2 protein chains.
Amino acid sequence: MLKVPVFPDSAPMPPSPSAQALHPAGKRTGRADPDSARCLMCKVREYNLCSSIEDHDVTVLAQATRQISLPPGTAVIEEGTPASAFFNVINGTVKLFKSLPDGRRQITGFADAGQFVGLSNSRTYSFGAETVSTVLLCRCTHTQIENLLAEYPGFARHLLSAVTHELADAQEQMLLLGRKTAKEKVASFLLDRIKQYHRTHPHDPDAETTASVPMTRVDIADYLGLTIETVSRTISTLRRDKIISGTENHCIRILSLPNLQDIAYGLKSI
Amino acid sequence: MLKVPVFPDSAPMPPSPSAQALHPAGKRTGRADPDSARCLMCKVREYNLCSSIEDHDVTVLAQATRQISLPPGTAVIEEGTPASAFFNVINGTVKLFKSLPDGRRQITGFADAGQFVGLSNSRTYSFGAETVSTVLLCRCTHTQIENLLAEYPGFARHLLSAVTHELADAQEQMLLLGRKTAKEKVASFLLDRIKQYHRTHPHDPDAETTASVPMTRVDIADYLGLTIETVSRTISTLRRDKIISGTENHCIRILSLPNLQDIAYGLKSI
DNA sequence: TTCCAGCCTTGATTTAGATCAAATCCCAGT
DNA sequence: ACTGGGATTTGATCTAAATCAAGGCTGGAA
């Protein structure tokens with residue numbers, strides 16, 4: 001297993017005056033303090049869980065969270081350690097994974113800007129999380145999440161909806177892992193990356209034909225249940241078949257979306 | 001794809017006087033009517049979602065649900081159809097799956113007594129569900145689920161917790177599908193079936209060494225991302241190696257749990 | 001009881017993808 | 001610009017599991 005730098009639980013954070021506990025219920029203020037300004041200006045708030053808390057209650061949110069920036073390849077969550085925090089991804093990409101004792105690893109998903117990481121039922125995390133790129137996170141303790149859940153029913157509903165969505169994604173990924181060929185797996189992965197690029201760059205005119213692939217071949221292989229050689233060969237084949245072009249800068253251009261979709265769903269026999 | 005009998009949305013149900021809408025908030029009664037007796041006597045209520053609704057509110061639950069019994073091999077949910085209902089499994093086993101256009105299928109999980117089926121975020125079901133054995137279900141419309149969620153905060157929390165647990169299971173299954181060998185997959189599956197037997201037969205002295213396997217080889221193969229031949233050969237090998245015994249009556253006896261666990265987690269090199 | 005149709009098992013052969021083995025690319029740091 | 005080390009690509013070979021192909025078992029219907 002690879003040794004990676006670990007983000008310490010007590011890492012340096014932007015100073016914040018008085019926010020260990022949640023703002024008490026009833027005592028709400030619309031006044032802008034430095035923290036709530038951070039949330040009000042947040043680029044992903046309208047897309048993520050925080051959207052279930054109104055502007056005038058944003059101080060609660062701001063005081064319950066801390067922003068942290070982490071370099072690529074930093075562990076955010078270590079498999080099996082006590083589950084104490086929850087993270088919103090503000091910028092960048094985080095990978096989630098599970099490992100076998102001998103080091104075999106399965107990446108169960110990538111969390112991009114607007115998504116969250118770290119929900120756990122049990123006392124310890126059953127999965128690990130590590131940054132793929134430079135990542136900006138909002139950290140929140142489970143205790144504070146509990147408080148938000150108790151105080152804002154909309155938050156619980158929003159979280160339920162988000163987890164239900166993640167479960168549907170996981171089921172789709174099980175279909176991929178169990179029943180798709182290498183070519184179908186890579187095509188499906190690229191389609192997901194196009195969707196992701198579209199979500200995070202809604203105004204880019206090239207959003208329909210661009211896939212952002214910040215992760216290495218090792219990560220892609222561990223996500224698709226393949227080896228790096230097979231991933232590389234398959235991408236080369238797609239390039240040769242003029243379905244995609246360019247791998248530079250971790251950015252792939254799609255030349256034929258319909259063909260890619262047909263391949264992903266097994267409609268293309270080749 | 002296999003043709004299976006479909007459970008019609010308007011199937012015969014136990015007659016019930018007046019329960020299309022949820023019992024209005026505030027109007028609660030502890031009086032026993034035939035419906036609430038069904039819920040009060042329910043064998044799985046203490047284990048499933050309904051446990052978040054107290055005895056004195058059980059009429060609400062009883063009037064929101066209908067019990068249905070279905071024979072083996074009946075479709076409960078058809079992939080892609082409008083998502084309108086939610087089911088609690090009272091008895092028996094239901095399989096959940098996703099399919100590819102050419103008929104390849106991945107079973108994403110089995111729902112046994114006490115578990116639920118049919119949660120969906122989108123307008124249509126992204127998965128199918130079919131009975132494995134004779135199954136007793138409690139059916140509830142999504143509208144009624146919405147009402148329960150709005151009225152009972154504990155219900156939302158319970159559901160969130162259950163879905164989070166399912167997500168963790170799904171991640172474990174992704175590790176299996178993407179990175180385990182055939183032998184490790186089968187051993188992991190048997191361990192899951194032992195746990196399930198233990199849950200549903202807590203007082204059976206043989207619960208530690210018994211696995212209930214009501215599903216066919218086709219279902220096991222579609223769950224593990226293998227072929228029926230590989231599943232059959234692998235089970236034969238485990239029997240030959242004296243790690244399990246007996247396949248009769250869909251009941252497998254475990255001779256060496258530690259060995260099975262070592263195999264499942266890749267600690268046994270053979 | 002016999003028969004039949006689905007299951008399940010076992011054997012022989014094939015193959016998709018893994019593994020082993022070099023190059024080559026691509027920057028980040030000097 | 002130069003350099004070194006990781007990331008990627010490509011080629012040759014191997015193998016776990018798939019596919020193809022019989023048989024055998026079992027439990028319900030006649």
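All values below were derived from every heavy atom in this structure, side-chain atoms included, with hydrogens, water molecules and symmetry-related copies excluded. Since the structure is predicted, the reported quantities are computational estimates derived from the model, not experimental observations. Below, chain A is the first sequence line, B the second, and so on; all start at residue 1.
OP1 or OP2 of D/dT10 lies within a sub-4.0 Å distance of a side-chain N or O belonging to A/Ser236. OP1 and OP2 of C/dG17 both lie 4.0 Å or more from every side-chain N or O belonging to A/Arg233. When the side-chain nitrogen and oxygen atoms of B/Thr230 are compared with OP1 and OP2 of D/dA17, none of them lie within a distance under 4.0 Å.
Atom CG of B/Leu238 is separated from atom C1' of C/dT10 by 16 Å (rounded to the nearest Å). Spacing between atom CD of A/Glu184 and atom P of C/dG17 amounts to 9 Å, rounded to whole angstrom units. Across the protein-nucleic acid pair, B/Lys183 atom NZ and D/dT15 atom P stand 18 Å apart, rounded to whole Å. Regarding B/Arg240, its CZ atom lies at a distance of 8 Å from the P atom of C/dG11, rounded to whole Å. The distance from atom CG of A/Leu177 to atom P of C/dG17 is 13 Å, rounded to the nearest whole Å. Atom C1' of nucleotide C/dA16 and atom CG of A/Leu224 are separated by 16 Å, given to the nearest angstrom. Atom pair A/Arg239:CZ and C/dC25:P shows a separation of 13 Å (rounding to whole Å applied). Atom CG of A/Leu226 is separated from atom C1' of D/dT8 by 16 Å (rounded to the nearest Å).
One can find a donor-acceptor pair under 3.5 Å joining the base of D/dC20 and the side-chain atoms of B/Glu229.
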(request) Go through the steps to decide whether B/Phe116 and B/Phe86 satisfy the test ring pair (Phe, Tyr, Trp, His ring centres under 6.0 Å), and finish with yes or no. (result) CA-CA 7 Å; B/Phe116 63 87; B/Phe86 179 94; 5.3 Å; yes
Criterion salt bridge (Lys or Arg N to Asp or Glu O under 4.0 Å) on B/Lys95 and B/Asp222, from CA distance to verdict
CA-CA 10 Å; B/Lys95 62 191 176 202; B/Asp222 280 350; over 6 Å; no
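The side chain of A/Arg217 approaches D/dT8 more closely than any other nucleotide in the set C/dG11, D/dT8, C/dA21. Comparing D/dA17, C/dG17, D/dT8 by their nearest atom to the side chain of A/Ile228 picks out D/dT8.
With respect to A/Tyr197, the side-chain hydrogen bond (donor to acceptor under 3.5 Å, both in side chains) criterion is satisfied by exactly one of A/Thr210, A/Asp206, A/Asp204, A/Thr209: A/Asp204.
One finds the CD atom of B/Glu184 at 9.0 Å from the CD1 atom of B/Ile263 (value rounded to the nearest 0.5 Å).
Mapping A/Thr216 and A/Arg179 onto DNA chain D by nearest heavy atom places A/Thr216 at the nucleotide closer to the 5' end.
Contact annotation for B/Ser232: base contact, defined as any heavy-atom pair under 4.0 Å involving a base atom. Residue contacts for B/Thr227: at a heavy-atom cut-off of 4.0 Å it reaches a base atom on one of the strands shown.
Using a 4.0 Å cut-off between charged nitrogen and carboxylate oxygen, A/Glu208 and A/Lys195 do not count as a salt-bridge pair.
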